[in-house]
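Remarks on the structure that follows.
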Amino acid sequence: MSNIELSEQEIIRRNSLNRLRELGINPYPAEMYNVNATAKEIKEQFDSEKGNFQDVTFAGRIMSRRIMGKASFAGLQDSTGRIQIYVNRDEICPGEDKTLYNEVFKKLLDIGDIIGVKGFVFVTQMGEISIHVKELTVLSKSIRPLPVVKEKDGKVFDAFTDPEQRYRQRYVDLIVNPQVKDVFVNRTKIINTMRELFNERGYLEVETPILQPIPGGAAARPFTTHHNALNIPLYLRIANELYLKRLIVGGFDGVYEFAKDFRNEGMDRTHNPEFTVMEIYVAYKDYHWMMDFTEEMIERVALALHGTTKVQLGDKEIDFKRPFKRVTMYDAIQEYTGIDISGMDEEQLRGVCKDLDIEVDPTMGKGKLIDEIFGEKCEGNYIQPTFIIDYPKEMSPLCKKHRNNPDLTERFELMVNGKELCNAYSELNDPIDQLERFQEQLKLSEKGDDEAMYIDMDFVRSLEYAMPPTSGMGIGIDRLTMLMTDNLSIQDVLLFPQMKPEKKSEGDSDGKFEELGIPTDWVGVIRKMGFTKVEQLKEIKPGKLFNDLCGYNKKNKLGLTNPSADEVKQWVN
RNA sequence: CGGUCUGUAGCUCAGUUGGCAGAGCAGCUGACUCUUAAUCAGCGGGUCCAGGGUUCGAAUCCCUGCAGACCGACCA
């Protein structure tokens, strides 16, 4: 890339980079830099009485600079936060040669560069804990300017807030928006808290296939791929449920997995094509036990993160204190629509949907219709954690029949802030029933429901060897993180959310321009004037191009030799 | 897919009725030895998203397209 296509500030930084090398300073040194203090440690523990931190080695990124002649202040940021450094010319340059201060520090270093400093900690006249620098080392030169975000009295100036740029360039977001880092630290804390609980109970963390020949365990459209050696299609998993239950058959009492699942469906504030789910299966338990366990787990996560069960979410406060309310699905529908749907058949349910202005289509079975009514009229109302229990059989093909009502299943979902957070069953372990349920799904699929489940005969075979009564639960880690960190968008809790590919400027290569006889030096200039394809040159007047090129050369002091008018004419024709 | 809004300097954003393209920060030159959104003096920096139209004249008005945000629809 020629320099012409860089911004002025990028060119200046590249020049600084070269100048550093001329001065014998490696802008990207190989040696390790042995840091012995972090910004956080210094700010929390420094005590001028004790006289600690009198020999610190610190490294960080320059985030701000205030230069006053022979003395300067700068803000350095490391992984724990920011600390101010004080740089005095005659201290970092004790001899006659003041280059390190006058040129390297004041001119060649910029906001964004990473440097190391050695010195001692003190408190400035203004009362800020700072590092008094005695030695300064360039560790990595930045040649692209960083957005500069300033802050005073809690007010942020020139914030870097454009969501697209933040997600596409998460590294920049993390550098300039320190609160973003906290979200991801908390996300990991959530996962660790859950893992600790499971491990305390003796449950085993396992890994199951992501590439699956039959994408089972949920109703969703999968991503498809192909295995060359086997010459078969493979699917990215939409769930890991069927594999974990095989492990319960195999004799493990409790297994769990933090799993990436993939669903080839829409993207919005709460859906990303790949997302993280924790699924856990425990033998000899039922869904009542699992509700208690889920409550305990979530309360523990809230306490680990916030020290309280009350969590702020937007303008709402959510209280994760046990126990959560438990409402059957039929009661929920009765409460919010006034209609008792128990015992209704498919035709009657269709009528109810019509009365309630809910759109339906002929492929929908009984289960799906009830789900629509609930989703449309009830779901959004459950802001505080609430277990919705006892789902209709048709929408839960992997779930055991209810012990008291054969039309229902022993299933619960946990609703928080009007959205599903967890899904759990007393797992179906009757192999004959399971096969029948799969076959019903097949009928739905033939009816046109493209989300109906595939039949996994090996899973059925595993149940034929007998699976102990088991309860299983799945929880969306992204949604849980959103709830626990007060973020309303899934993209804010994923480090690298899926984005449309960045538009790349389509243009012809240098070679194409050079084929016309245009010297390499001038290709950049021509691009700068808006001609990215050789085609475009054919349509303009050579005289105007000649004038523009020479003018640009003069104006920007490029020092190139101007082509003659005839030469330009030849390029264009 | 539909509605609303947005696209201007490296960043955040103004831009009146259609009349020479603006500010703050960042950058550059200089001053300044405890500053903190440092300050002071000076300077440079633009394909006003792209293409077309109206007009003597378009960042501004109209059309088309592109990109993005938000809200719906669809979809777990």
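Treat the numbers as computed from the prediction; the structure is a model and nothing was measured.
- Nearest nucleotide to the A:Gln165 side chain, out of B:rC71, B:rU12, B:rC34: B:rU12.
- Across all strands shown, B:rU4 forms a Watson-Crick or G-U wobble pair, both distances under 3.5 Å, with B:rA69.
- Residues A:Ser64 and A:Arg82 have side chains that never bring a donor and an acceptor to within less than 3.5 angstrom of each other.
- Nucleotide B:rA67 holds its P atom 13 Å from the CE atom of A:Met499, rounded to whole Å.
- Taking 3.5 Å as the limit, the base of B:rU35 and the side chain of A:Gln84 contain a donor-acceptor pair of atoms between them.
- Contacts of A:Glu413 with the nucleic acid, taken as non-hydrogen atoms under 4.0 Å apart, include base atoms.
- Listed candidates were B:rU35, B:rG68, B:rC25. Nearest to the side chain of A:Arg168 is B:rG68.
- Rounded to whole Å, the P atom of B:rG51 lies 40 Å from the corresponding atom of B:rU39.
- Closest contact between the side chain of A:Pro163 and the listed nucleotides B:rU33, B:rC34, B:rA69 involves B:rA69.
- Of the residues near RNA chain B, A:Val123 and A:Ser489, the one whose nearest nucleotide (by heavy atom distance) lies more toward the 5' end is A:Val123.
- Ring planes of A:Phe387 and A:Phe412: perpendicular class, angle over 60° (limits at 30 and 60°).
- A 3.5 Å limit on both hydrogen-bonding distances identifies no Watson-Crick or G-U partner for B:rU35.
- As rounded to the nearest Å, B:rC48 and B:rG18 have C1' atoms that lie 15 Å from one another.
- Across all strands shown, B:rU54 forms no Watson-Crick or G-U wobble pair with both key distances under 3.5 Å.
- Comparing the P positions of B:rG27 and B:rG22 gives an interatomic distance of 23 Å, to the nearest angstrom.
- Protein atom CZ of A:Arg89 is 14 Å distant from nucleotide atom C1' of B:rA31, rounded to whole Å.
- One P atom belongs to B:rC71, the other to B:rC28, and the distance between them is 41 Å to the nearest Å.
- A salt bridge links A:Lys141 with A:Asp110: the distance from a Lys NZ or Arg NE/NH1/NH2 to an Asp or Glu carboxylate oxygen falls below 4.0 Å.
- Residues A:Asn487 and A:Ser489 have side chains that never bring a donor and an acceptor to within less than 3.5 angstrom of each other.
- Taking atom P on both nucleotides, B:rA59 is separated from B:rA21 by 8 Å, rounded to a whole Å.
- The distance from atom CG of A:Asp268 to atom C1' of B:rC1 is 14 Å, rounded to the nearest whole Å.
- Classified by interplanar angle (parallel below 30°, tilted 30° to 60°, perpendicular above 60°), the ring pair A:Tyr235/A:Tyr454 is tilted.
- Straight-line distance from the CD atom of A:Glu372 to the C1' atom of B:rA73: 13 Å, rounded to whole Å.
- Residue A:Glu420 is classed as a base contact, given a heavy-atom separation below 4.0 Å to a base.
- Separation of the P atoms belonging to B:rU47 and B:rA9 is 8 Å when rounded to the nearest angstrom.
- Using a 4.0 Å cut-off between a side-chain N of Lys or Arg and a carboxylate O of Asp or Glu, A:Asp371 and A:Lys368 do not qualify as a salt bridge.
- Checked for salt-bridge contact, A:Arg13 and A:Glu10 miss the test: no charged N lies under 4.0 Å from a carboxylate O.
- OP1 and OP2 of B:rC32 both lie 4.0 Å or more from every side-chain N or O belonging to A:Arg66.
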Using a cutoff of under 3.5 Å, can you pull out all pairs of nitrogen or oxygen atoms linking the protein to nucleotides 26-28 of chain B, with atom names and distances?
| residue | atom | partner | partner atom | Å |
| --- | --- | --- | --- | --- |
| B:rA26 | OP1 | A:Lys150 | NZ | 3.1 |
| B:rA26 | N3 | A:Gln9 | NE2 | 2.9 |

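- For the ring pair (Phe, Tyr, Trp, His ring centres under 6.0 Å) test, residues two or more places apart in sequence or in another chain that qualify with A:Tyr101 are A:Phe105.
- Taking only distance into account, the side chain of A:Asp162 never meets the base of B:rG68 through a donor-acceptor pair shorter than 3.5 Å.
- Here the P atom of nucleotide B:rA37 and the CD1 atom of A:Ile67 are 17 Å apart, to the nearest Å.
- Nucleotides B:rG65 and B:rC1, compared at atom P, are 12 Å apart to the nearest Å.
- When the C1' atom is used for both B:rC43 and B:rU6, the distance is 33 Å, rounded to whole Å.
- Within the shown strands, nothing qualifies as a pairing partner of B:rC74 under the Watson-Crick or G-U definition with both distances less than 3.5 Å.
- Take A:Arg263 and apply the side-chain hydrogen bond (donor to acceptor under 3.5 Å, both in side chains) test, not counting sequence neighbours, and it matches no residue.
- Atom CZ of A:Phe160 is separated from atom C1' of B:rU12 by 11 Å (rounded to the nearest Å).
- The distance from atom CG of A:Asn88 to atom P of B:rC34 is 10 Å, rounded to the nearest whole Å.
- At whole-Å resolution of the value, NZ in A:Lys70 and P in B:rA31 are 10 Å apart.
- A 4.5 Å side-chain heavy-atom check between A:Pro397 and A:Glu440 finds every atom pair outside the cut-off.
- For B:rU12, the paired base is B:rA23 (Watson-Crick or G-U wobble, both distances below 3.5 Å).
- Pairing for B:rC40 is with B:rG30, a Watson-Crick or G-U wobble pair whose two hydrogen-bonding atom distances lie under 3.5 Å.
- Nearer the 5' end of RNA chain B, as judged by each residue's closest nucleotide, is the contact made by A:His132, out of A:His132 and A:Glu376.
- Note on A:Arg144: nothing from the nucleic acid sits closer than 4.0 angstrom, heavy atoms only.
- Base pairing of B:rG45 is not made with any nucleotide, judged by Watson-Crick or G-U wobble geometry with both donor-acceptor distances under 3.5 Å.
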